[in-house]
Visitor: 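If you scroll down you'll find the structure; I have some questions about it.
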Amino acid sequence: MTALPAAPWTLENVPGRLTETDMRVFDWLLGYQGRFFTPGHLLELGAGQGRSAILIGRHRREEERFVVCDPFEPEALRGGFEANYLAFHQRLPEIVQGPAAVILDHVEPDSCRFAHLAASRAYEDVRDDLAAARKLLLPEGIVAVDDYRFEGAPGIAAAVWEAVTAHGLRPICLTPQKFYGTWGDAGAVQEELTRWLGGRADEWASHAEQVAGRTVVHLDRRPEPEQVPEPAEEEEREQTLPLPAEPADPGPVAPRWNTGKVRRKRRRPLHRRLLRMLPKPLRRRLRRRRSR
């Protein structure tokens, strides 16, 4: 595949399921870690065509590793991923080509600050990916799980909420597509996130609730208001006037009382019409002659 140009491409042009809502949440969470100097590497299990990896890579610091693990089957998928990624970055992340189960052989325990899990939709795989993420993340590290609400893959939801209720995973926030959590203190992140959302109430809809004894922040972007078109110029309006509507049905017609033929007024004979055109004295003389 030919490498994609860095300009005028934007992240929205890269194929993938990462929504604008989650792009903003990724940016905020990784930016939050940057503001508070949270150490650690970056990890993604399941790369697709690189949309989420490109965004995560923007937050890689010079001393950090960014490891992407994906089978890339068929092999051409890896070429597409690399081309897309290099359209935005100077160098590729570290690529582990294989199933997510091998990631523990390539990343040290307690070394990551952010992990994005999007490798599988099977319950057993997601359960194992979460267990691996728990080993690889630092105490305050954040995990993002894709498609936790997808109706066609209930195993993802089962594995995620099992980790919450039985294995100490604390939810941070939920979007329509992704679950964000930590095995550390979620309260500090939620406090900052809630403050940030509060200043953008016209852009974000959010509320908090208790789930299994844990606070969960739901959030989603509000739809943009519809653009009202500018009033058309007078000439344009004249050119685009709608066609006249069909006349409405007037209903039953009132009956005609005179159903016969209409009598037309008979015209005078030609000689009489000519006679009327003569002067009155001459007409009188002609009438006298005719009467004799």
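Nothing fancy with the numbering, it's 1 onward along the sequence.
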Visitor: Does V217 reach the side chain of L197, with side-chain heavy atoms less than 4.5 Å apart?
Guide: yes
Visitor: Between T38 and E140, is there a side-chain donor-acceptor contact under 3.5 Å, judged purely by atom types and distance?
Guide: no
Visitor: At their closest point, which heavy atom of S52 faces which heavy atom of L18, and how far apart are they?
Guide: CA-CD2, 3.8 Å
Visitor: I'd like to know if L137 and F66 are part of one continuous hydrophobic network [Ile/Leu/Val/Met/Phe/Trp/Tyr, side-chain heavy atoms within less than 4.5 Å].
Guide: no
Visitor: What is the distance from atom CZ of R58 to atom CG of L42, rounded to the nearest 0.5 Å?
Guide: 14.0 Å
Visitor: So which atom in V14 and which in F88 form the shortest heavy-atom distance, rounded to 0.1 Å?
Guide: CG2-CE1, 3.7 Å
Visitor: What are the two closest non-hydrogen atoms of P171 and A186, and how far apart are they?
Guide: O-CB, 3.6 Å
Visitor: Give me the atom names and distance for the closest heavy-atom approach of L169 to G181.
Guide: CD1-C, 4.0 Å
Visitor: Please lay out, stage by stage, how E124 and R127 fare under the test salt bridge (Lys or Arg N to Asp or Glu O under 4.0 Å).
Guide: CA-CA 5 Å; E124 292 81 6; R127 179 195 61 194; 5.8 Å; no
Visitor: What residue pairs, at least two apart or across chains, pass salt bridge (charged side-chain N to carboxylate O under 4.0 Å, His left out) with a residue in residues 151-179?
Guide: D146-K178
Visitor: Answer yes when R78 and E82 have at least one side-chain N-carboxylate O distance shorter than 4.0 Å, and no when they do not.
Guide: yes
Visitor: Between A100 and A119, which heavy-atom pair has the shortest distance, and what is it?
Guide: CB-CB, 4.1 Å
Visitor: Any non-hydrogen side-chain atom of L219 less than 4.5 Å from a side-chain atom of T175?
Guide: yes
Visitor: Is there a side-chain contact between T19 and P176 (heavy atoms, below 4.5 Å)?
Guide: no
Visitor: If we only count heavy atoms from C-beta on, is the M23 to L55 side-chain gap below 4.5 Å?
Guide: yes
Visitor: Can you tell me how far apart CD1 (I172) and CG (L193) are? Round to the nearest 0.5 Å.
Guide: 8.5 Å
Visitor: With the 4.5 Å side-chain cut-off for hydrophobic clustering, are V107 and V145 part of the same group?
Guide: yes
Visitor: Can you confirm if the NZ or CZ of R35 lies within 45° of the ring axis of W28 and under 6.0 Å from the centre of its six-membered ring?
Guide: yes
Visitor: Which pairs, with at least one residue in residues 103-133 and sequence neighbours excluded, count as a ring-ring contact (aromatic ring centres under 6.0 Å, His included)?
Guide: F26-F114, F26-H116
Visitor: Contact between V143 and Y180 at the side-chain level, heavy atoms closer than 4.5 Å - yes or no?
Guide: no
Visitor: Considering the options L174, V216, L117, which one meets the side chain to side chain contact (heavy atoms under 4.5 Å, CB included) requirement together with F179?
Guide: L174
Visitor: To the nearest 0.5 Å, what is the distance between CD on E191 and OG1 on T215?
Guide: 12.0 Å
Visitor: What is the minimum heavy-atom distance between P93 and Y85, and which atoms define it?
Guide: CD-CE2, 3.4 Å
Visitor: In this structure, would L86 and I56 fall into the same cluster of hydrophobic residues linked by side-chain contacts under 4.5 Å?
Guide: yes
Visitor: Test your reading of the model: is there a side-chain donor-acceptor pair from R65 to the backbone of S111, 3.5 Å cut-off?
Guide: no
Visitor: For residues 33-53, which residue pairs pass the ring-ring contact (aromatic ring centres under 6.0 Å, His included) check, not counting sequence neighbours?
Guide: Y32-F36
Visitor: Would a 4.5 Å heavy-atom cut-off, applied to side chains only, mark H89 and I54 as touching?
Guide: yes
Visitor: Pair E20, E12 - check side chain to side chain contact (heavy atoms under 4.5 Å, CB included), show working.
Guide: CA-CA 8 Å; E20 174 124 7; E12 289 80 2; 4.2 Å; yes
Visitor: Using a distance-only test with no angle check, is there a side-chain donor-acceptor pair under 3.5 angstrom linking Q97 and E75?
Guide: yes
Visitor: Is there side-chain contact between Y148 and V126, with heavy atoms separated by less than 4.5 Å?
Guide: no
Visitor: Find out if a path of hydrophobic residues (ILVMFWY) with successive side-chain heavy-atom gaps under 4.5 Å connects L11 to L92.
Guide: yes
Visitor: To the nearest 0.5 angstrom, please state how far the CG atom of D70 sits from the CG atom of L45.
Guide: 9.5 Å
Visitor: Calculate, to the nearest 0.5 Å, the distance between atoms CZ and CZ belonging to F72 and F81 respectively.
Guide: 5.0 Å
Visitor: Could you tell me if the side chain of D147 sits less than 4.5 Å from the side chain of Q177, heavy atoms only?
Guide: yes
Visitor: Under 3.5 Å, is there a donor-acceptor pair between the side chain of W183 and the main chain of H167?
Guide: yes
Visitor: Would you compute the distance between atom CD of E44 and atom CD1 of I103 and round it to the nearest 0.5 angstrom?
Guide: 10.5 Å
Visitor: State plainly whether one hydrophobic cluster holds both L130 and V164, where clusters connect Ile, Leu, Val, Met, Phe, Trp and Tyr through side-chain heavy atoms under 4.5 angstrom apart.
Guide: yes
